[in-house]
Amino acid sequence: MDAQKEALQRIITTLANKNDEIQNFIDTLNHRLRGVQANSGKVLSDLDDEFDSLYSFLDEMKEGMTSIIKQEQARKTQELQNQLTQCKKALESSEELLEFASQSVSIIEPEEFTKAARQIKDRVTMAPAFRLSLKPKVSDNMTHLMVDFSQERKIIQALKFLPVPKAPEIDPADCIVADNCVTITWRMTEEDSKIDHYVLEYRKTNYDGLPRVKDERCWESIDHIKETEYTLSGLRFDSKYMNFRVRACNKAVAGEYSDPVTLETKALMFSFDNTSSHLNLKVEESLIEWDPTGGKSQENKVKGKENKGRSGTPSPKRTSVTSRPATVRGSRDRFTGESYTVLGDATIEGGQHYWEVKAQKDCKSYSVGITHKTIGKFDQLGKTNTSWCLYVNNWLQATFAAKHNNKAKPLETTVPDRIGIYCDFDGGQLAFYNADTKQLLYSFKTKFTQPVIPGFMVWCGGITLYTGLQVPSAVKTLQKSENGMSGSSSSLTNAVQ
């Protein structure tokens, strides 16, 4: 019966997963359909704009060429009109002279005839008809202004849609996820010398497999990538996975996206657990600060504002002045006395994890480490056999030590600005590093028999928490070289029961 129930439960899980995949695919298809409609409308609009622009350009060109032809026509017409006018005047003068000469032939008196002949000769010498060019100054040929658009017509007839680059391919096996960096590598399926650059898009997700249309995160893009590889650095891995896709672009247009790939970006994510903090600690998501008033002064201010001029039900806005409501303060009794402690809101039950903390410059005392859930409300980190920590004290006498089971091991090194904490639960190791140089500060070797929780103590100051970090490669290398052995921690090594 139990075996059948287990088999049925597996079938139910399989069916539920398959239904989820199909629903995601349906969402994808619907998204594509909407995209087809929207993008088709856009390219049709762009096509109209391009042809309108081409028509406008041709009209402008026709207008310009028509103007040139008309100007040439006017020039030649004017030249010929001028010649015609000159010729008409010369012809009139010549006809008048011809008539005078004909009349002079019939003169009988020798002296008069000689005089007339002399006049005719002088007038002929000066006659416009004999000084006039009888060759037209311009031709009636206009062939030099003829056009032949046969080549251009062929070009227009050969117009096609823009050549679109093929979609690149991303091989997940070639991609690298390490040190909170992701290196994406892709290749083109066909050689394309016209590719100018690539656009890489990525987004965070908590879903494995193909990206979801209804994923709550938007794509972010990196443009103008010249190579077929790109590294995203300084990422905070606050999601289980990341989706990646890339497309190629030429000078004119961008191509199709590659098939998206999903890479695992696993890292421990947690915040300070406000409900577990001491009353003298002001707790935010990734920051804790010492508060000697325990929130009382803020509460008194709020109460004073609420009571002043109160005529009815207090305004909700007046009760949200402080970041620590009175109801929360009253329930925070997980730690008390001098155990100025706050725990993380994540439990470590296996695997290798890494996080970092940075203390404020004026912080007088703080501790960072891990502890069992069973730590008492008056207990301090490192003073029980179920807690391990690095302790820093800048008050009166400077102290930098590793602490466990109320034993301290002084560390002969400078306190770094930022401390990295590495926990290998299965390997039974807790190590502290200089987060900037990855220098090993101290390492505990033990055996964890119960889940542990990140723990923090602060007095007179504050610390900032950084999570979503992978175990750095340098730390992994150091751990391998240590081979699970740490001579510096032998005095505090303890098998926990």
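A salt bridge links Asp238 with Lys204: the distance from a Lys NZ or Arg NE/NH1/NH2 to an Asp or Glu carboxylate oxygen falls below 4.0 Å. Between Lys226 and Asp196 there is a salt bridge, since a side-chain N of the basic residue sits under 4.0 Å from a carboxylate O of the acidic one.
Listed by chain and number, the residues in a ring-ring contact (aromatic ring centres under 6.0 Å, His included) with Phe456 are Phe272 (sequence neighbours excluded). Residues passing the side chain to side chain contact (heavy atoms under 4.5 Å, CB included) test with Lys266, sequence neighbours excluded: Glu264. Asp259 pairs by the side chain to side chain contact (heavy atoms under 4.5 Å, CB included) definition with nothing, not counting sequence neighbours.
A donor-acceptor pair under 3.5 Å is formed between the side chain of Asn280 and the backbone N or O of Pro292. At distances below 3.5 Å, not a single donor-acceptor pair connects side-chain atoms of Ser40 with backbone N or O atoms of Gln37. Ser276 contributes a side-chain N or O that, together with a main-chain N or O of Leu343, makes up a donor-acceptor pair within less than 3.5 Å.
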Query - Gln429 vs Gln352, side-chain hydrogen bond (donor to acceptor under 3.5 Å, both in side chains): CA-CA, chis, key distance, verdict - result: CA-CA 9 Å; Gln429 190 158 10; Gln352 301 177 14; over 6 Å; no
Report task. Give the intermediate values and the outcome of side-chain hydrogen bond (donor to acceptor under 3.5 Å, both in side chains) for residues Asp379 and Ser339. Result -> CA-CA 6 Å; Asp379 292 336; Ser339 179; over 6 Å; no
Requested in this report: Show your working on side-chain hydrogen bond (donor to acceptor under 3.5 Å, both in side chains) between Gln23 and Asp27 and close with a plain yes or no.
Outcome: CA-CA 6 Å; Gln23 184 59 55; Asp27 293 338; 3.2 Å; yes
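Cation-pi geometry between Lys403 and Tyr391 is met: under 6.0 angstrom from the ring centre, within 45 degrees of the axis. No cation-pi contact links Arg247 to Tyr198, judged by a cut-off of 6.0 Å to the six-membered ring centre and 45° from its axis.
Val182 is listed as a side-chain neighbour of Leu235, based on a closest heavy-atom distance under 4.5 Å.
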